[in-house]
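Just the heavy atoms: all of them, side chains too, but no hydrogens, waters or symmetry mates, feed the values below. Letters go in sequence order (proteins before strands), and every chain restarts at 1.
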2 protein chains.
Amino acid sequence: MGVAANSVRIDVHAEAERLLRAIDQRYSDGRRRLVETLLAATHPLVATDIADDDLPQSSVYRNLTVLEQAGVVSKVLTNGERAAFELAERLKGHHHHLVCVGCGQVLDIDLPADIERRLTDDMTSTARSAGFVLVGHRLDLLGRCSTCVTSDRDD
Amino acid sequence: MGVAANSVRIDVHAEAERLLRAIDQRYSDGRRRLVETLLAATHPLVATDIADDDLPQSSVYRNLTVLEQAGVVSKVLTNGERAAFELAERLKGHHHHLVCVGCGQVLDIDLPADIERRLTDDMTSTARSAGFVLVGHRLDLLGRCSTCVTSDRDD
DNA sequence: ATCAGTGCAAACTTTTTGCACCGCA
DNA sequence: TGCGGTGCAAAAAGTTTGCACTGAT
């Protein structure tokens with residue numbers, strides 16, 4: 001619980017290659033660079049963030065599509081303006097965000113395992129009752145960090 | 001539980017007008033129609049959904065921007081392909097989203113009251129342990145709708 | 001040698017903007 | 001009657017696609 005440990009235990013590249021092989025795709029150099037870039041990022045990236053680095057736009061988009069199909073990256077639900085991508089949960093670990101509505105800072109957090117499990121159970125049945133197969137969830141906690149709470153008092 | 005009851009107790013139009021006035025904007029007929037459309041919808045709408053109805057694209061986009069600034073509507077987190085909009089929480093009540101990661105469709109859902117309350121309790125303490133004062137939360141369920149699950153099988 | 005993957009450029013989709021006009025405070 | 005809001009059309013921004021080429025198996 002608390003701040004996410006963000007422990008990367010598995011070999012991301014080996015796993016990426018395995019996932020791609022499973023759908024008859026190669027782990028080409030461009031795709032490896034793309035994964036490398038996402039791995040180094042501390043937040044989800046939009047396509048052009050990656051393109052600036054090293055690959056042409058069309059390759060970025062095409063490879064992101066393939067990597068998403070393979071389950072290596074996932075499209076992150078953003079505010080709808082751009083599509084953003086991050087490494088898939090299986091490669092990155094499940095976590096939540098604690099967002100300060102005052103200053104906008106975002107912290108990665110984990111929930112206690114029992115709460116997380118109960119949450120997942122509850123949501124699985126809720127989703128099923130609407131005809132959906134649950135694949136995950138996103139929970140953002142909105143709050144005020146101690147700094148912003150303190151400055152509230154000064155107003 | 002299940003699909004949101006959409007209980008609207010306050011006068012949405014009066015509140016919208018008040019919020020717009022607060023930032024020196026008028027509650028024009030076009031904006032009223034736009035709010036009306038969102039009010040009737042059971043799920044967030046993308047700009048073209050609204051445009052089809054009655055307003056030109058440019059007016060829809062411009063008015064959505066103004067209404068968002070006023071706090072009347074909010075941009076919903078989608079799968080990043082299109083921006084979707086709904087009435088702000090203060091006008092619409094608290095609810096969650098069931099998002100299809102395949103096609104991007106979003107459904108409004110309520111959680112059973114006891115689960116919602118437990119969730120809030122759990123998160124309040126989690127936030128506090130990171131030095132935050134919780135002010136709210138966003139919970140999105142990610143899944144595949146029946147249509148997308150079916151088309152998976154055809155691949 | 002074959003075919004998956006690449007890079008360029010052009011097409012396409014979604015969103016924003018310039019400008020002339022309309023109508024309410 | 002001045003200025004906020006509108007509608008059209010054109011531009012900009014973001015994403016996808018066609019095609020010829022390259023390189024790994």
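Nucleic acid contact class of A:Arg31 (heavy atoms, under 4.0 Å, all strands): sugar-phosphate only. Nucleic acid contact for B:Ser28: sugar-phosphate only, since backbone atoms but no base atoms lie under 4.0 Å from a heavy atom of the residue. The residue A:Asp24 sits apart from the nucleic acid: no heavy atom pair falls under 4.0 Å.
Under the 3.5 Å distance criterion, with hydrogens and angles disregarded, no donor-acceptor pair is assigned to the side chains of B:His95 and B:Glu116. A donor atom on one side chain and an acceptor atom on the other are not found under 3.5 Å apart for B:His137 and A:His96.
Side-chain atoms of A:Arg62 and base atoms of C:dG7 include a donor and an acceptor less than 3.5 Å apart.
Between A:Gly30 and B:Ala47, the residue whose closest nucleotide on DNA chain C is further toward the 5' end is A:Gly30.
When the C1' atom of C:dC22 is taken as reference, atom CG of B:Asp29 falls 14 Å away, rounded to whole Å. Between the P atom of C:dT14 and the CG atom of B:Asp49 lies a distance of 11 Å, rounded to the nearest Å. If you take CZ of A:Arg33 and C1' of C:dG5, they are 12 Å apart, rounded to a whole angstrom. Rounded to an integer number of Å, the gap from B:Leu64 CG to C:dT16 P is 10 Å. Going from atom CD1 of A:Ile50 over to atom C1' of D:dT15 covers 14 Å, rounded to whole Å. Computed from coordinates, the B:Arg82 CZ to C:dT13 P distance equals 11 Å when rounded to whole Å. For the pair B:Leu45 CG and C:dT15 P, the computed distance is 13 Å after rounding to whole Å. One can place OH of A:Tyr27 at 17 Å from C1' of C:dA4, the figure rounded to the nearest angstrom.
At the phosphate of D:dG4, neither OP1 nor OP2 sits under 4.0 Å from any side-chain N or O atom of B:Arg26. OP1 and OP2 of C:dT15 both lie 4.0 Å or more from every side-chain N or O belonging to B:Gln57. Put simply, A:Ser58 has no side-chain N or O that comes within less than 4.0 Å of OP1 or OP2 on C:dC8. The shortest distance between the side-chain N/O atoms of A:Tyr61 and the OP1/OP2 oxygens of D:dT16 is not below 4.0 Å.
Taking both residues in full, the closest heavy atoms of B:Arg26 and B:Leu20 are given as O-CD1, 3.6 Å, listed atom of the first, atom of the second, then distance. For the residue pair A:Val60 and A:Leu34, the shortest heavy atom distance occurs at O-CD1, 4.1 Å.
In this structure, of D:dG7, C:dA4, D:dG5, it is D:dG7 that holds the atom nearest to the side chain of B:Leu55. You'll find that the side chain of A:Ala83 is closest to D:dT15, out of D:dT15, D:dG5, D:dG7.
Between A:Arg32 and A:Glu36 there is no salt bridge, since none of the side-chain N atoms of the basic residue sits less than 4.0 Å from a carboxylate O of the acidic one.
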